[in-house]
Amino acid sequence: MTELPETDRRFATTLARGLSVLRAFRTSDDGLGNAEIAERTGLPKSTVSRLTFTLQKLGYLTSAHRHDRYRPGPALLVLGNMASASISFVDLSGPLMQRLADETGTMALLLVRDGKRMVIVKTWRPRGVASLWLEVGHRVPLNKSSSGHALLASLDTEAFEQVVAEAAGDRGLTPTRAADIRRQTSAQLMGQGYALADPASYFTDSIHAVAVPFHARDTSEPVVFTCGAMPDMLTEARMRQEVGPKLRSAVHELERMMGQAPAARALT
């Protein structure tokens, strides 16, 4: 199995710790203190204190008038805007995903892997539907989620082994379980073009979701487009008969717009 990045002498541990502090923030937070950041990251509080001080001085965190609680700073806006502008498929996908959300009454989402979980980086809410709660920054496990299963099934063998080693233990993910997910979801992607984790054993009982991976030229790892809604709005039958096929078509259209051939959605 591929060694973890931390064991590579080229790996910059201090930089990784600083980035883990930035990733600890969620959209629902009303600021975080050093103790809360330490709990979320698993880093010693003394280390967190040095990192938050440095990140604040560089503009990546701000504490405004409350010096004991930090929030994402303006420098992060610059990085986010630069990334969004340079990754071409994000803007192109917007009209497709908004139309999909409106047609299906579900929330369309773009997720990327962040460490051991998937994180929502873009949402498209259906017009006239206000009961959906997923927000940018919400994290989803690889195990027992359609988005996580789609990601695991679309990685090549080396990347798959590295991701599984990094995420082992989260939500019961083991190498054996990950291999089963990869095999079963690869068959789903080849047979029907979308991934559907078992709704009966989903990581939360408050949402159903269906997912399709997208292999962008701009990224080293696949991203995942997902449609989700509350179970009474998005039944398993509806996911299979309507929403899944429409999501698959939307991603295929994005591939066409990007000048890419539809990805081979199988083990590599």
To the nearest 0.5 Å, how far apart are [atom1] in [X] and [atom2] in [Y]?
| X | Y | atom1 | atom2 | result |
| --- | --- | --- | --- | --- |
| Met239 | Leu196 | CE | CG | 4.5 Å |
| Arg139 | Arg117 | CZ | CZ | 9.0 Å |
| Leu142 | Met118 | CG | CE | 7.0 Å |
| Leu247 | Thr226 | CG | OG1 | 7.0 Å |
| Leu43 | Leu51 | CG | CG | 7.0 Å |
| Leu155 | Gln162 | CG | CD | 10.0 Å |

More than 12 heavy atoms of other groups within 6.0 Å of Lys122 NZ: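 Count not over threshold, so no.
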Neighbour count >12 (heavy atoms, 6.0 Å) for atom CD, Glu39: no
Determine yes or no for a side-chain-to-main-chain donor-acceptor pair under 3.5 angstrom, with [X] supplying the side chain and [Y] the backbone.
| X | Y | result |
| --- | --- | --- |
| Asp156 | Glu158 | yes |
| Arg248 | Val212 | no |
| Asn143 | Arg171 | yes |
| His208 | Thr235 | no |
| Arg217 | Met258 | yes |
| Glu36 | Gly33 | yes |
| Ser186 | Arg183 | no |

Pair Met107-Trp124, side chain to side chain contact (heavy atoms under 4.5 Å, CB included): steps then yes or no: CA-CA 6 Å; Met107 178 175 279; Trp124 295 271; over 6 Å; no
Of all the heavy-atom pairs spanning [X] and [Y], show the shortest one and how long it is.
| X | Y | result |
| --- | --- | --- |
| Ser20 | Arg17 | OG-O, 2.6 Å |
| Pro72 | Phe25 | CD-CD2, 3.8 Å |
| Tyr202 | Ala209 | OH-CB, 3.3 Å |
| Ala153 | Leu189 | CB-CD1, 3.9 Å |
| Ala101 | Arg125 | CB-C, 4.2 Å |
| Thr106 | Gly228 | CB-O, 3.5 Å |

Using distance alone, with no hydrogens and no angle criterion, decide if [X] and [Y] have a side-chain donor and acceptor under 3.5 Å apart.
| X | Y | value |
| --- | --- | --- |
| Ser206 | Thr204 | yes |
| Ser147 | Ser145 | no |
| Asp102 | Gln98 | yes |
| Thr62 | Gln56 | no |

Would you kindly confirm whether [X] and [Y] end up in one hydrophobic cluster when ILVMFWY residues are joined by side chain heavy atoms under 4.5 Å apart?
| X | Y | result |
| --- | --- | --- |
| Leu55 | Leu77 | no |
| Leu79 | Tyr70 | yes |
| Leu76 | Leu15 | yes |
| Leu96 | Leu92 | yes |
| Val136 | Tyr60 | no |

Pairwise salt bridge (charged side-chain N to carboxylate O under 4.0 Å, His left out) hits with a residue in residues 190-213, at least two apart: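 Every pair satisfying salt bridge (charged side-chain N to carboxylate O under 4.0 Å, His left out) with a residue in residues 190-213: there are none.
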Salt bridge (charged side-chain N to carboxylate O under 4.0 Å, His left out) contacts touching residues 219-240 (sequence neighbours left out):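 Checked against salt bridge (charged side-chain N to carboxylate O under 4.0 Å, His left out) - neighbours excluded - the pairs reaching residues 219-240 are Arg113-Glu221, Glu236-Arg240, Arg238-Glu242.
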Is any side-chain heavy atom of [Y] closer than 4.5 Å to one of [X]?
| X | Y | value |
| --- | --- | --- |
| His138 | Val119 | no |
| Leu111 | Val223 | no |
| Leu173 | Ile181 | yes |
| Leu152 | Val164 | yes |
| Cys227 | Leu100 | yes |
| Tyr194 | Gln188 | no |
| Ile207 | Leu134 | yes |
| Thr13 | Phe11 | yes |

Arg71/Asp30 ion pair, N-O < 4.0 Å: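 Counted as a salt bridge, because a side-chain N and a carboxylate O are separated by less than 4.0 Å.
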Lys/Arg-Asp/Glu bridge criterion (N-O < 4.0 Å) met for Arg40, Asp29: yes
Test side chain to side chain contact (heavy atoms under 4.5 Å, CB included) applied to Lys246 and Val243, step by step: CA-CA 5 Å; Lys246 285 187 174 182; Val243 179; 5.8 Å; no
Step-by-step side chain to side chain contact (heavy atoms under 4.5 Å, CB included) determination, Leu110 to Val224: CA-CA 6 Å; Leu110 172 61; Val224 177; over 6 Å; no
Evaluation steps, side chain to side chain contact (heavy atoms under 4.5 Å, CB included), between Arg182 and His149: CA-CA 7 Å; Arg182 190 177 188 227; His149 290 195; over 6 Å; no
